[in-house]
Amino acid sequence: MRKIRTRFAPSPSGYLHVGGARTALFNWLYAQHTQGSFILRIEDTDQARSTDESVRAIFEGLEWLGIQWDEGPFYQSQRSEIYAEHIDKLISTGNAYYCTCTPDEIEAMREKARAKGEKPRYDGTCRNKELGPQTGAVVRFKAPQSANTILDDVVKGSIVFANNELDDFVIRRSDGMPTYNLAVVVDDVTMNINTVLRGDDHVMNTPKQILIYQALGHELPVFAHVPMVLGDDRTRLSKRHGATSVTAYRDMGLLPDAFVNYLARLGWSYGDQEFFTRQELIEKFTLERIGKSAGIFDPVKMQALNADHIQAAAPEVIAPHVKPFLQESGYNTDDETYLKALIPTLQPRSKTLREMAEQAHFYYRPELEYDEKAVKKFLKPAIVEPLKALKENLSSLTSFDEKKLETVFVNLMEKFEIKLGKIAQPVRVALTGTSVSPGIFEIIAVLGKKKVLQRLEKAIELIQAR
RNA sequence: GGUCCCAUCGUCUAGGGGUCUAGGACGCCGGCCUCUCACGCCGGUAACGGGGGUUCGAAUCCCCCUGGGAUCACCA
């Protein structure tokens with residue numbers, strides 16, 4: 001079997017958005033699955049809208065997603081000679097011709113057609129003029145006016161287009177730059193792309209492209225048009241639906257693997273399975289399992305999946321991803337051992353890495369910030385003696401493990417005849433400043449003797465000062 | 001408006017003629033567990049858009065309607 005070659009070909013006119021990310025992901029997954037190649041190509045033939053900043057944003061997004069390309073990036077803006085060559089070939093074989101009609105004349109044609117109730121299109125004025133090259137002229141593709149063009153799509157099935165719906169579309173602009181439809185085909189042909197996997201907003205372009213493939217005498221690639229990603233109002237996902245840039249999701253605290261998992265399951269499925277590791281995705285991703293209806297992007301479900309990934313990941317995997325959020329608050333995260341010890345205490349209670357960092361404040365803050373209500377409710381004079389006893393018992397321990405800590409607490413409970421809940425909450429407030437935190441034994445073990453004793457003392461002083 | 005695509009719980013989906021009194025996940029509502037908050041566990045809520053066919057039998061096949069989406073550039 002021939003080697004699969006897929007590509008992602010974004011136009012650099014903005015950041016990498018959710019829909020583009022999913023297209024990139026599918027292409028990458030499929031190439032990985034088949035041990036083929038994934039090519040990155042930047043479609044920057046639109047000088048006016050393309051920016052270097054957008055190119056960087058796309059790289060940044062792909063990097064975060066963990067998607068590497070095997071070849072490229074190739075820039076269309078640097079391939080002018082290749083397009084010129086192919087356009088010349090189309091002209092010399094009679095498949096394309098020069099056209100000197102002005103934009104105003106074209107507009108007039110369209111108006112006229114609309115007035116007659118027909119569809120606006122180019123009327124073929126220059127079609128048989130046999131015009132030669134001249135400045136200001138465009139090149140048009142001579143589209144067949146009869147019969148059908150059939151697109152055999154892997155996800156959509158067979159789609160028939162009547163050729164008389166097409167007009168002679170421009171393939172080279174008056175400034176000499178090729179238009180999209182010409183450039184994609186020439187690129188895909190010369191780069192030996194044999195699997196074109198893209199958003200289904202490209203379906204209507206496909207017959208034109210098929211015609212170009214045929215005029216060039218080239219074999220067609222396999223086409224797979226993936227349904228759109230919609231916003232909650234069922235229209236194409238855009239800024240007004242909230243964040244659409246993939247880096248925005250990084251900044252919200254998504255784990256890249258979780259985001260990738262969510263994106264993959266939006267429009268693709270594998271039985272009832274919801275949770276996939278990156279490796280599982282590669283193993284199981286096939287074109288046949290791509291669904292044919294559009295899907296609505298659901299941030300809530302995405303976050304739930306993120307929580308699952310956070311829980312399943314090893315602390316050392318999470319550490320580098322949560323660090324930036326900790327540093328945002330000004331904390332020093334050089335102590336890797338400490339970081340890796342506290343992460344497990346927060347894993348089951350964090351839906352995002354940002355949440356995790358927020359809940360980690362008490363682990364890092366040199367001076368606790370006390371919650372008024374919690375202090376008032378739990379740090380009462382009656383608890384001073386138990387706290388003192390706890391302090392004393394803990395200071396005699398050489399190491400903190402949960403078993404030993406439990407024994408200490410059991411002894412305290414017996415001595416003062418109180419339930420665990422009665423002593424745990426005050427201790428929690430003393431150690432974290434709030435009444436909500438990971439398990440009491442866990443946080444004592446992670447904080448370590450020094451911090452624990454200091455904070456207990458501070459709490460005792462606080463009570464006595466009132 | 002022309003052309004094209006799509007149509008199962010609120011959402012993502014399983015399902016490809018009988019095993020569907022339609023399954024899973026998120027959400028939501030109860031309960032259990034419990035040192036707080038979570039996690040976890042148990043249970044519940046909720047869907048085949050409508051109408052015609054085909055068939056002994058349709059969520060599954062065909063047609064129409066309705067609804068939604070995409071696209072109609074010298075943008076990609």
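All figures in this text were calculated on a predicted structure; none of them were measured in a lab. Chain A is the first sequence line, chain B the second, and so forth, proteins listed ahead of strands; every chain is numbered from 1.
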In the strands shown, is rA25(B) matched to any nucleotide by a Watson-Crick or G-U wobble pair with both distances under 3.5 Å, and which?
->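 Pair assignment: rA25(B) / rU11(B).
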
Polar pairs (N or O, both sides) under 3.5 Å between protein and nucleotides 1-4 of chain B?
none

For Asp188(A) and rA76(B), give me the distance from atom CG to atom C1', rounded to whole Å.
->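 Value for this atom pair: 13 Å.
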
Are OP1 or OP2 of rU36(B) and a side-chain N or O of Ser437(A) less than 4.0 angstrom apart?
->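 Answer is no, no contact under 4.0 Å.
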
Using the C1' atom on both, measure rA59(B) against rA22(B) and round to a whole Å.
->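 About 8 Å, rounded to a whole number of Å.
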
Separation of the P atoms in rC20(B) and rG15(B), to the nearest angstrom |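 One P to the other, the span is 15 Å.
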
Under the 6.0 Å and 45° cation-pi test, does Arg140(A) pair with Tyr122(A)?
->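 Output yes; distance and angle both within limits.
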
For Phe276(A), is the NZ or CZ atom of Lys284(A) found under 6.0 angstrom from the centre of its six-membered ring and inside 45 degrees of the ring axis?
->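 No; the conditions do not both hold, so Lys284(A) does not lie above the ring face of Phe276(A).
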
hbond_proxy Arg349(A) side chain to rC39(B) base (donor-acceptor, 3.5 Å cutoff) =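 No such pair is found, so the answer is no.
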
Look at the side chain of Asp44(A) and the base of rA76(B), then say whether one donor and one acceptor between them are separated by less than 3.5 Å.
->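 Between rA76(B) and Asp44(A), which were checked side chain against base, a qualifying N/O pair under 3.5 Å is absent.
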
Once each nucleotide of nucleotides 17-35 of chain B is scored for protein heavy atoms under 4.0 Å, what B/S/- sequence comes out, 5' to 3'?
-> ------BBBSS-------B

Do the side chains of Phe409(A) and Leu420(A) get nearer than 4.5 Å, heavy atoms only?
->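 When only atoms from C-beta onward are counted, Phe409(A) and Leu420(A) do touch, with a gap below 4.5 Å.
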
